[in-house]
Enquirer: 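This is the structure, below, for whatever I ask next.
No hydrogens, no waters, no symmetry mates; every other heavy atom, side chains included, goes into these values. Nothing fancy with the numbering, it's 1 onward along the sequence.
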Amino acid sequence: MIRTWLASATLAFAPGGAGAWNDDPGPQAGQMTPSLTDRLAPELGRFAVTNWVVSGPGEMAELHFTVDTRPALGGQGVRTVWRVAEDGAFFGELTRILDPETDEVVQHWFATARGEWAVTRQAVSFSADGHGSEFTGEDGYGAFDARTRTTHNADGSYGWTIERRYPGTAWFLVDRGEAVPVAD
């Protein structure tokens, strides 16, 4: 269950529609649209990550990772490798690119627990201090709405939250993480 949540929630990207935190007015006349690598620059490098993931009703599991994020694909994308902090075991890989035709982020996630790749597309709203999205999905409990928010902090760290709600329920936290930079 924990790995399922983490695989779907890692770095707060999931399939779906427009974001709720669209503070970025987009490019102005004569300006170029920043690349995905530029937009995610605060998340580049090596980080110690503490991740709290729903493990059952009212229960959160605390997990620890080392996460390395680097530009990829000739600077057109970003690649993140997740390793278990305790023993350095490979946990998963996340590669993200921006589709220039749709302006959607295309995410490829490999989760070692399942030994398979998952591909998602989503509209992500970027702001001066991070990014977010809203989307819908379905799991074993039924259809849900979800929202994500990643915040870049002045000290070089970043954090994220992912919330869900099912029909008739209030928003509740399913994933929260904190990433603190460490020396390469």
Enquirer: To the nearest 0.5 angstrom, please state how far the CZ atom of Arg147 sits from the OG atom of Ser133.
Expert: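 That separation rounds to 11.5 Å.
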
Enquirer: I want to check something: taking the side chain as every heavy atom from C-beta on, are Trp52 and Leu173 in contact at a cut-off of under 4.5 Å?
Expert: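 No, side chains not in contact.
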
Enquirer: How long is the gap from CH2 on Trp109 to OG1 on Thr120, to the nearest 0.5 Å?
Expert: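 Reported value, rounded in 0.5 Å steps: 11.5 Å.
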
Enquirer: If you link ILVMFWY side chains whenever their heavy atoms are less than 4.5 Å apart, which other residues fall into the same cluster as Val180? By chain and number, please.
Expert: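 Other cluster members: none.
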
Enquirer: Report the residues that fulfil salt bridge (charged side-chain N to carboxylate O under 4.0 Å, His left out) with Glu116, sequence neighbours left out, ordered by chain and then residue number.
Expert: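 Glu116 satisfies salt bridge (charged side-chain N to carboxylate O under 4.0 Å, His left out) with Arg114 once adjacent residues are dropped.
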
Enquirer: Return the set of residues passing salt bridge (charged side-chain N to carboxylate O under 4.0 Å, His left out) with Arg46 (not counting sequence neighbours), or none when no residue passes.
Expert: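 Arg46 satisfies salt bridge (charged side-chain N to carboxylate O under 4.0 Å, His left out) with Asp68 only.
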
Enquirer: Using a 4.5 Å cut-off on heavy atoms from C-beta on, say whether the side chain of Glu59 contacts that of Val54.
Expert: no

Enquirer: Are Asp139 and Tyr166 packed together at the side-chain level, in the sense that at least one heavy-atom pair is separated by less than 4.5 angstrom?
Expert: yes

Enquirer: Hey, is the main chain of Asp155 close enough, under 3.5 Å, to the side chain of Asn153 for a donor-acceptor pair?
Expert: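 No; zero donor-acceptor contacts below 3.5 Å.
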
Enquirer: So that I can tick it off, tell me whether Arg164 and Asp175 are bridged by a salt bridge, with the cut-off set at under 4.0 angstrom between side-chain N and carboxylate O.
Expert: no

Enquirer: For residues Thr69 and Arg96, is any side-chain donor paired with an opposing acceptor at under 3.5 Å?
Expert: no

Enquirer: Apply side-chain hydrogen bond (donor to acceptor under 3.5 Å, both in side chains) to Glu178 and list each qualifying residue two or more places apart in sequence or on a separate chain.
Expert: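 Residues passing side-chain hydrogen bond (donor to acceptor under 3.5 Å, both in side chains) with Glu178: Arg176.
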
Enquirer: CG of Leu44 to CG of Asp38: how many Å apart, nearest 0.5 Å?
Expert: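 CG of Asp38 is found 9.0 Å from CG of Leu44.
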
Enquirer: Please check if any side-chain donor atom of Glu43 sits under 3.5 Å from a side-chain acceptor atom of His152, or the reverse.
Expert: yes

Enquirer: Is Trp171 isolated, or which residues cluster with it under the ILVMFWY side-chain rule of less than 4.5 Å, directly or via members?
Expert: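 Besides Trp171, the hydrophobic cluster comprises nothing; the residue is isolated.
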
Enquirer: Does Thr37 reach the main-chain N or O of Gly77 with its side chain, forming a donor-acceptor pair under 3.5 Å?
Expert: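 Yes; at least one donor-acceptor contact below 3.5 Å.
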
Enquirer: Can you tell me how far the CZ atom of Arg149 sits from the OG1 atom of Thr161, to the nearest 0.5 Å?
Expert: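 Arg149 atom CZ to Thr161 atom OG1 measures 8.5 Å (nearest 0.5 Å).
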
Enquirer: If you group Ile, Leu, Val, Met, Phe, Trp and Tyr by side-chain heavy-atom gaps below 4.5 Å, do Val78 and Ile97 land in one group?
Expert: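 Each belongs to a different hydrophobic cluster.
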
Enquirer: Please round to the nearest 0.5 Å and tell me the distance separating atom OG1 of Thr50 and atom CD of Glu62.
Expert: 6.0 Å

Enquirer: Under a 4.5 Å cut-off applied to non-hydrogen side-chain atoms, are Leu40 and Tyr158 in contact?
Expert: no

Enquirer: Got Phe90 and Val81 here, is their nearest side-chain heavy-atom distance under 4.5 Å?
Expert: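 Contact flag for Phe90/Val81 side chains = yes.
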
Enquirer: In terms of relative ring orientation, are Phe91 and Trp82 parallel, tilted or perpendicular, with 30° and 60° separating the classes?
Expert: tilted

Enquirer: Can you confirm whether Glu86 sits close enough to His64 that some side-chain heavy atom of one is under 4.5 Å from a side-chain heavy atom of the other?
Expert: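 Side-chain contact under 4.5 Å: no.
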
Enquirer: Working to the nearest 0.5 Å, report the span between CD of Gln76 and CG of Leu98.
Expert: 9.0 Å

Enquirer: Quick one: ring-ring contact (aromatic ring centres under 6.0 Å, His included) partners of Trp117, sequence neighbours excluded?
Expert: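 Once residues adjacent in sequence are excluded, the partners of Trp117 under the ring-ring contact (aromatic ring centres under 6.0 Å, His included) criterion are Phe110.
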
